[in-house]
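Heads up, the thing below is written out as structure tokens.
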Amino acid sequence: MRIAITRETAPHERRVALVPATVQRLTGQGHQVGVETGAGVAASYPDEAYAAAGAVIAPDRGSLLDGCEMLLSVQRPAREDLARLPSGAVSIALWQPASAGDLVSAAAAAGVTVLALELVPRTTKAQSMDVLSSQATVAGYQAVLLGASHLARLLPMLTTAAGTIPPGKAFILGAGVAGLQAIATARRLGAVVSAFDVRPVVKEQVQSLGASFVEAEAVSSAAEGAGGYARELEDEQQRKVLEAVGKHIMDQDLVITTAQIPGKPAPRLITAEMVKTMRPGAVIVDLAVETGGNCELSRAGEVVQAGGVTILGPVNLPSQIPQHASLMFSRNVQTVLEYLIKDGRVTIALDDPITGPMCMAHDGQARDGR
Ligand code: NAD
């Protein structure tokens, strides 16, 4: 099978879909892998490493996509790249399903099959294909480092000849995949860590990482929806959550927010009023900024100063650690490929529990995916 890996062109995207180790595995299985020149450079994987793994380095995108049967990218392909693919080709990428309508129709019209990595079902069987989890892990880690680097103070406790520095306090809102990694990272940096989530089931996970769990009266099993995700809170529950967060946030130094509700705007957990009560020099990192933000004052891609508090709204954090983010992404994609390719051919079965939900276009038809 002819597999192509393109160089990412989205602003600030430094990841690459496959790293040389995965390419080697594919070429070892008899696949032809073409890599656009420079595709891995921003993630610290030079062309030579791909060539050593058996890939053909394509000097331009046209020659790469001609006759390609499988296009692998991190971000969804551009319309002109889709148009170059032969009918029957498959595109696997982060397709951003919510905003992909027109592009998916174009792919369907060109006979291209679209598999969106965001729509891999979150089941035990598909866990090793789940890029949302692997990239959230990287984001949770990087959020803490980013926040720590903007703090006016140290995080660990230090006993020095110049006196003793007490440990900083970190508060993590939302203890899913990113939040749990943020807790672990803040603990490693020596902070005293606390966390809050509306799903009561995470309390034990938070405590097992050495953090304390902030209780709110609203936390009840009603806050847990389908598939282990959170659901939107009723007004009264939301009021109690804000009350609990508001009481706790006043003496925190570093606050990382990761709370999300699938398919809905991010829940508002930190109001402008709460920010006013925080210590000067404190930092908030809002990982939910792209879905509306957990903090009222955060802005996507910006650093906001409010009364001595710094509020960061970083976008695409995994891309800031591109080598390992790509490695994890690549392993996820490799598992997807091994699942799809049987006897050297891709099999798309729309009734399959993994391929079916991922598929947004096939056989000339646009589909809803999940
Ligand atoms: P997510 O990104 O949708 O949300 C992050 C966290 O925000 C969640 O823990 C959620 O409970 C929390 N949250 C939502 N509303 C909140 C509010 N108002 N206040 C505080 N916190 C709020 O979730 P995620 O991190 O992608 O994963 C969530 C669940 O899915 C976890 O149980 C995880 O273990 C599970 N999961 C399973 C698989 C799998 O089995 N393959 C893969 C990934 C995740």
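We count ligands from 1, going down the list as the structure has it; atoms in each ligand are counted the same way.
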Please state whether [X] comes within less than 4.0 angstrom of ligand 1, counting heavy atoms only.
X: Val202; result: no
X: Asp130; result: yes
X: Ala136; result: no
X: Leu132; result: no

Polar-atom distance check: [X] versus ligand 1, any N or O pair below 3.5 Å?
X: Arg199; answer: yes
X: Val241; answer: no
X: Gly176; answer: yes
X: Asp197; answer: yes
X: Thr123; answer: yes

Ring centroid separation Phe171 to His248 under 6.0 Å: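 Yes: the rings meet the under 6.0 Å criterion.
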Those atoms of ligand 1 less than 4.0 Å from some heavy atom in Phe196: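 Within the 4.0 Å cut-off of Phe196, ligand 1 contributes 19 (N), 20 (C).
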Look at the side chain of [X] and the backbone N and O of [Y], then say whether any donor-acceptor pair between them is shorter than 3.5 Å.
X: Asp363; Y: Gln365; value: no
X: Arg7; Y: Gly38; value: no
X: Glu69; Y: Arg2; value: yes
X: Lys125; Y: Arg122; value: no

Evaluation steps, side-chain contact (heavy atoms from CB on, under 4.5 Å), between Leu103 and Arg79: CA-CA 7 Å; Leu103 206 57; Arg79 195 175 287 268; 4.0 Å; yes
Under 3.5 Å side-chain donor-acceptor pair for Ser99 and Arg76: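 Yes, a side-chain donor-acceptor pair sits under 3.5 Å.
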Structural part of Ala175 in contact with ligand 1, heavy atom criterion under 4.0 angstrom: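 Backbone only; the side chain of Ala175 stays clear of ligand 1.
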Region of Pro267 that comes within reach of ligand 1 [heavy atoms, distance under 4.0 Å]: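 The side chain, only.
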Heavy-atom nearest neighbour of atom 21 (N) of ligand 1 within options Ala259, Ser134, Ala288: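 The nearest heavy atom belongs to Ala259.
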Of the listed options Ile172, Val245, Leu269, Asn294, closest to atom 19 (N) of ligand 1 (non-hydrogen atoms):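 The residue whose heavy atom sits nearest atom 19 (N) of ligand 1 is Leu269.
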Arg239 with Glu243: basic N within carboxylate O range, under 4.0 Å: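 Yes.
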Lys/Arg-Asp/Glu bridge criterion (N-O < 4.0 Å) met for Arg61, Glu80: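 Result for this pair is no, no salt bridge flagged.
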